[in-house]
Amino acid sequence: MSRTPILDVPLGDAQLAAETRALEHTWAPARGIIGFFAEVDHKRLGMRFIITALVFFALGGVLAALMRIQLAVPENKFLGPDLYNQIFTMHGTTMMFLFAVPVFEGIALYFIPLMVGARTIALPRLAAFGYWIFLAGGIFLYVSFFLNIGPDNGWFSYVPLAGPEFAPGKRADTWAQLITFTEVSSLAGAVVIIVTIFKYRRPGMTLDRMPMFVWAELVTNFMIIFAMPAVMLASTALILDRLVGTHFFNQAEGGDPILYQHLFWLFGHPEVYLIFLPAQGLMSTLIQSFSSRPIVGYLALVVALVSTGFMGFGLWVHHMFAAGLPEIGTSFFTAASMMIAIPSGIQIFCWIATIWSGKLKLEPPLLFALGYFVIFIIGGMTGLMVASVPLDLQVHDTFFVVAHLHYVLIGGSVFPLFGALYYWYPKFTGKMPNRRLGLIGFWLLFIGFNLTFFPMHQLGLQGMPRRVYTYLPGLGWDTLNLAATIGAATMATAVLTIVFNAAYSLLRGEAAPANPWNASTLEWSTSSPPPPHNFYPERVVASRDPLWKDPPGQPIITGIRSDRREVLVTRVLDAEPDHRFHSPNPTVWPFVFAVALTIMFIGSIFTPWAVVWGSIPPTLALIAWTWPRKKEINDEAHPPDKAKPQLESATGPA
Amino acid sequence: MIQSVLHSAGIQAARVESLWWVMFWVTTIVTLIVLFVLALAVRRASQAAAEAIDDRRLMRVVGLAGAVTVMILIGLLVRSIVTSRAIASERIDEAMQIEVTAYQWWWAVEYQHPEAEQRVRTANELHIPVGRTVAIKLLANDVIHSFWVPSLAGKLDASPGHEAVLWLRADEAGVYRGQCAEYCGHQHAHMAFVVIAEPADQFERWIQAQRQTAHQPTTEIEQRGLKLVQQGACVMCHTIRGTAAGGRTAPDLTHISSRSTIAAGVLPRDTGHLTQWLTDPQAVKPGTRMPTLSFRPEDRAAIVAYLEQLR
């Protein structure tokens with residue numbers, strides 16, 4: 001048998017061209033203004049999520065810059081306490097709920113079908129709904145902020161400070177309802193991603209051949225399903241206390257403010273891992289691609305992800321050590337919080353082993369991955385310190401924790417994210433990013449980050465609490481705060497450089513080949529950017545690294561119709577072909593449903609009757625969404641092509 | 001004034017400080033080793049002809065590093081629990097009892113005594129005798145606050161409806177600054193206090209003085225100040241023992257001029273700052289519960305004169 005490269009197609013040229021044209025036509029994104037709102041294409045939805053989340057990242061960054069200007073010198077009058085408190089609340093809420101979780105959801109929607117070799121995501125209309133409701137929540141939060149009803153009780157919104165007695169007005173309701181928006185969006189996205197991973201994998205991609213990023217997203221989205229209900233309970237009970245006078249958290253009537261903290265952190269700590277785990281998948285991806293060898297310790301890395309997913313739910317009390325809980329209980333959480341360092345350590349060791357035995361390509365994405373090591377390891381080490389009860393009681397709620405959490409989240413998540421966005425930029429746009437701008441962006445970000453956040457460790461140890469809008473001179477905090485502000489300016493420059501690179505490369509970048517980095521996963525087997533149907537023809541996967549290891553002439557999948565949006569559904573464990581499925585066409589109903597739900601959510605801040613009357617339009621929209629269409633019924637009843645999907649052996653001429 | 005975890009002046013903070021240095025050195029050394037190995041790996045993999053290594057050999061090294069990690073973690077865990085227990089063992093029955101109630105945004109302090117009239121009330125300033133263990137019962141009047149004097153002990157939340165006790169012992173005389181550590185609204189930033197640790201005899205003199213009722217005004221302007229205080233809104237919130245002022249929702253002013261600051265550690269207590277505070281408290285501390293009262297300048301001066309003799 002002749003050895004042919006994987007993209008060499010054994011079908012006749014004319015047949016191939018006709019089939020490709022048919023697929024392009026069938027899977028073409030929706031057109032026009034209505035098409036914009038009806039979109040169900042996974043790449044467009046993913047890109048919308050990513051861009052929207054990055055816009056919120058920029059807004060959150062502007063808020064951070066305002067805070068750093070205020071804190072640059074003691075007793076600064078730049079921002080008053082009222083505005084400052086809103087700004088730090090908005091910053092935390094934006095970064096956690098409107099940037100970090102959605103941006104990874106967007107990457108997952110864009111790349112998981114491409115990585116598992118599918119034509120689209122499962123439940124694309126649900127994904128579209130998830131996007132619209134996320135966008136509505138974000139706009140709602142910022143409109144509220146500009147109307148001076150932005151939340152001001154911290155991203156955690158503790159009671160009784162956020163309760164009816166101490167937070168009159170609508171600010172705390174805005175926060176609680178934003179949570180409703182984002183949790184509905186995340187839950188919708190989680191279902192889409194899990195089903196896509198389980199049922200849409202290319203034949204041959206058994207579970208133990210899935211790319212590491214797919215594993216990371218699988219664990220993350222299961223965590224979303226278990227974590228979000230806790231905060232849903234907390235925020236809904238908070239709204240009920242405020243709106244209809246229930247007493248869930250009213251201590252005077254037998255409620256308990258500490259219960260709120262438990263519920264919040266039962267979600268809040270897993271939330272950290274929702275942000276962190278996808279980035280671990282990105283790290284494995286980047287390290288493998290730029291070390292030019294398969295990742296070392298695939299099984300260990302998967303076990304590390306899964307065990308982190310489980311352990312992430314057992315640590316929440318370390319946010320509450322100062323609340324005066326019984327000591328035996330807190331020691332358990334110290335132990336659990338320290339032990340979660342084991343899977344993180346194993347991952348880091350596997351990556352170092354991969355680099356050690358690989359052949360490095362020193363491109364900007366790899367630098368971001370290396371930056372992760374420096375920053376995240378420091379953040380992990382301070383994590384051990386805050387896990388220790390006695391030490392935490394000293395540094396809790398100080399700038400030490402501000403430093404810690406930014407080392408963990410920016411180092412552990414944003415650096416791999418920026419590396420991955422650079423890495424996938426050619427796939428998104430078909431253009432190569434500018435390497436020199438990439439390097440400048442990385443170094444500015446790395447230096448700026450450390451200049452901003454490293455001094456905060458010292459500030460915390462010297463007694464500076466978090467969430468203070470100003471401080472008195474003479475406490476030894478002045479120089480360190482000024483340094484942090486200069487660092488923040490450097491970070492802003494870095495982000496502008498990166499944005500400039502993205503825009504510049506879009507206009508001036510060289511055309512990107514299908515696989516510019518010589519990576520091994522399926523998204524690089526198709527053109528840059530991918531065609532609407534992602535792949536044609538589709539070859540059965542035979543290894544973890546199909547583009548490096550698969551033998552040439554793998555069988556081609558045939559029997560999937562090209563005249564309608566048809567996908568091949570496979571079995572969960574072994575990805576054997578199971579049945580064909582008609583993936584839904586574009587429709588505006590998810591958008592209409594999201595708008596109707598938005599009106600109900602916002603209305604319910606003002607009157608409980610909004611829940612009663614406001615539930616009618618969303619119900620109607622849901623009915624319209626799921627109403628069977630004649631054309632689709634006919635299609636199902638009389639499939640013109642009854643051929644079962646099959647794997648044709650590709651034995652064409654050389 | 002000292003407000004630093006790394007400048008401990010009491011047994012509780014000293015134990016944490018020593019734990020801090022253990023963790024600091026262990027984690028620093030581990031970080032440096034890992035980054036050094038990473039640097040070696042990058043150097044090796046950047047060279048043209050690095051030989052291939054068997055994955056199983058690599059995984060043995062990963063497993064070994066994992067085992068060392070587990071051992072270090074267990075070591076740190078044990079060290080942390082030992083510190084916790086050592087701090088817990090400092091709780092003794094014969095400790096001096098002080099009750100601290102957190103308000104938005106100041107601290108009410110009450111020295112406990114079996115006889116009600118022997119109790120001493122003050123605000124935003126604690127005096128404690130050096131070398132004696134103090135049990136501070138923490139309460140909150142409104143929202144959750146957190147009592148934190150870094151040089152003496154870790155923080156503890158004061159929550160409405162929950163009673164918490166913080167134990168501390170100052171071993172060095174000095175003035176230690178503390179401040180609220182749990183976000184509690186508008187003026188969270190300006191909710192400070194001081195702990196003054198002094199020799200036992202000095203402390204005894206201080207508490208005896210605090211037990212006295214308010215000093216009677218002597219000069220004419222001071223007397224006019226008292227009259228204005230008693231006729232005005234002050235009495236609604238503040239207490240001045242021995243006068244008609246008996247409000248309990250704001251700091252006790254009976255001995256205000258024995259204290260070093262006003263407005264919960266925001267301003268030094270002197271004529272100029274007292275005047276500034278009485279003129280426009282909202283400008284100093286936006287959102288404070290202290291209202292802006294429109295005094296004529298000469299009335300304000302009289303009130304300040306009266307307050308300044310409340311030693």
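From a predicted model like this one, the values you see are computed outputs, not experimental measurements. Hydrogens, waters and symmetry mates are skipped; everything else that's a heavy atom, side chains included, is used. Residue numbers start from 1 in every chain, and the chains themselves are labelled A, B, ... in the order their sequence lines are given, proteins ahead of strands.
Ranked by heavy-atom pairs shorter than 4.5 Å toward chain A, the options B/Ala164, B/Gly185, B/Gly265, B/Cys180 are led by B/Gly185. Ranked by heavy-atom pairs shorter than 4.5 Å toward chain A, the options B/Pro160, B/Ala192, B/Ser159, B/Ser46 are led by B/Pro160. Residue with the most contacts toward chain A among B/Leu73, B/Ile53, B/Leu166: B/Leu73 (heavy-atom pairs, distance under 4.5 Å). Taking chain B as the reference chain and counting heavy-atom pairs below 4.5 Å, the highest number among A/Ile346, A/Leu475, A/Thr354, A/Asn153 is found for A/Leu475. Annotation: maximal heavy-atom pairing with chain A below 4.5 Å, among B/Arg79, B/Lys285, B/His186, occurs at B/His186. Annotation: maximal heavy-atom pairing with chain B below 4.5 Å, among A/Cys350, A/Gly80, A/Ala252, A/Ala341, occurs at A/Cys350.
Residues A/Val374 and B/Leu35 meet the side-chain proximity criterion, which asks for heavy atoms closer than 4.5 Å. Residues A/Asp397 and B/Tyr183 have side chains not in contact (no heavy-atom distance under 4.5 Å, counting atoms from C-beta outward). Two residues are said to be in side-chain contact when any heavy atoms from C-beta on lie closer than 4.5 Å; A/Asn85 and B/His188 fail this criterion. Considering only heavy atoms from C-beta on, B/Met1 stays 4.5 Å or farther from A/Leu472 through its side chain. For the pair B/Ile144 and A/Pro160, the minimum side-chain heavy-atom distance is below 4.5 Å. A/Thr334 is not listed as a side-chain neighbour of B/Ile81, based on a closest heavy-atom distance of 4.5 Å or more. Considering only heavy atoms from C-beta on, B/Leu156 stays 4.5 Å or farther from A/Leu393 through its side chain. Counting only heavy atoms from C-beta outward, the side chains of B/Trp20 and A/Gln394 never approach each other to under 4.5 Å.
Both the backbone and the side chain of B/Leu38 come within less than 4.5 Å of a heavy atom of chain A. For B/Ala153, the part lying under 4.5 angstrom from a heavy atom of chain A is the backbone only. Within the 4.5 angstrom heavy-atom criterion, only side-chain atoms of A/Phe400, from C-beta onward, approach chain B. Only the side chain of B/Arg177 comes within contact range of chain A, judged by heavy atoms closer than 4.5 Å. At a 4.5 Å heavy-atom cutoff, the contact between B/Leu40 and chain A is made by backbone and side-chain atoms alike. With a 4.5 Å cut-off on non-hydrogen atoms, B/Val62 touches chain A through its backbone and its side chain both. Heavy-atom distances place the side chain of A/Asp256, and not its backbone, under 4.5 Å from chain B. Contacts of B/Ala65 with chain A are made by both backbone and side-chain atoms, with heavy-atom separations under 4.5 Å. Residue A/Gln347: no heavy atom, backbone or side chain, is found under 4.5 Å from chain B. If you measure heavy-atom distances from A/Thr398 to chain B, the contacts under 4.5 Å come from the side chain alone. At a 4.5 Å heavy-atom cutoff, the contact between A/Tyr158 and chain B is made by side-chain atoms alone. Using a 4.5 Å cut-off between heavy atoms, A/Ile348 touches chain B through its side chain atoms alone. In this structure, the portions of B/Glu182 lying under 4.5 Å from any heavy atom of chain A include both its backbone and its side chain. Contacts of A/Phe88 with chain B are made by side-chain atoms alone, with heavy-atom separations under 4.5 Å and no backbone atom involved. Heavy atoms of A/Arg293 lying under 4.5 Å from chain B belong exclusively to its side chain. Heavy atoms of A/Ile352 lying under 4.5 Å from chain B belong to its backbone as well as its side chain. When heavy atoms are compared at a cutoff of 4.5 Å, A/Ala300 approaches chain B solely by way of its side chain, counted from C-beta outward.
Minimum heavy-atom separation, A/Glu327 to B/Ser84: OE1-O, 4.5 Å. Across all their heavy atoms, A/Ser388 and B/Met23 have their closest contact at CB-SD, 4.2 Å. Minimum heavy-atom separation, A/Lys359 to B/Gln47: NZ-O, 4.0 Å. Among all heavy-atom pairs drawn from B/Gln179 and A/Gly463, the shortest one is OE1-O, 4.3 Å. A pairwise comparison of heavy atoms in A/Pro81 and B/Gln187 identifies CG-NE2, 3.7 Å as the closest pair. Residue A/Ser357 comes nearest to B/Arg44 through the heavy atom pair CA-NH1, 4.0 Å, listed as atom of the first residue, atom of the second, then distance.
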side-chain contact (heavy atoms from CB on, under 4.5 Å) for A/Met320 and B/Asp157? Distances and angles first, verdict last. CA-CA 9 Å; A/Met320 300 166 57; B/Asp157 287 358; over 6 Å; no
Report the C-alpha distance between B/Gln104 and A/Leu161 in whole Å, list the side-chain angles of each, state the deciding distance to 0.1 Å, and finish with yes or no for side-chain contact (heavy atoms from CB on, under 4.5 Å). CA-CA 10 Å; B/Gln104 281 180 323; A/Leu161 187 62; 3.7 Å; yes
side-chain contact (heavy atoms from CB on, under 4.5 Å) for B/Leu6 and A/Gln462? Distances and angles first, verdict last. CA-CA 7 Å; B/Leu6 302 181; A/Gln462 288 188 10; 6.0 Å; no
Go through it in stages, so that I can follow the logic: the residues are A/Phe349 and B/Thr69, the test is side-chain contact (heavy atoms from CB on, under 4.5 Å), and I'd like the CA-CA distance, side-chain angles, deciding distance and then a yes or no. CA-CA 11 Å; A/Phe349 301 144; B/Thr69 307; 3.3 Å; yes
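Residue A/Met381 is tested with B/Thr31, B/Val34, B/Thr28 for a side-chain contact (heavy atoms from CB on, under 4.5 Å); the sole match is B/Thr31.
In this structure, the side chain of B/Lys155 does not engage the main chain of A/Ala322 through any donor-acceptor pair within 3.5 Å.
Around atom CZ of A/Phe78, more than 12 heavy atoms belonging to other residues, nucleotides or ligands sit under 6.0 Å away. Remark: B/His7 NE2 is loosely packed, at most 12 non-hydrogen atoms of other residues, nucleotides or ligands lying under 6.0 Å away. More than 12 heavy atoms of other shown residues, nucleotides or ligands fall within 6.0 angstrom of atom CD in B/Glu99.
Here A/Leu391 contributes atom CG and B/Glu17 contributes atom CD; the two are 11.0 Å apart, rounded to the nearest 0.5 Å. Note: B/Cys184 SG to A/Phe166 CZ = 11.0 Å, rounded to the nearest 0.5 Å. Between atom OG of residue B/Ser80 and atom CE of residue A/Met338 there is a gap of 5.0 Å, rounded to the nearest 0.5 Å.
Between A/Tyr469 and B/His190, the distance separating the two ring centers is shorter than 6.0 angstrom.
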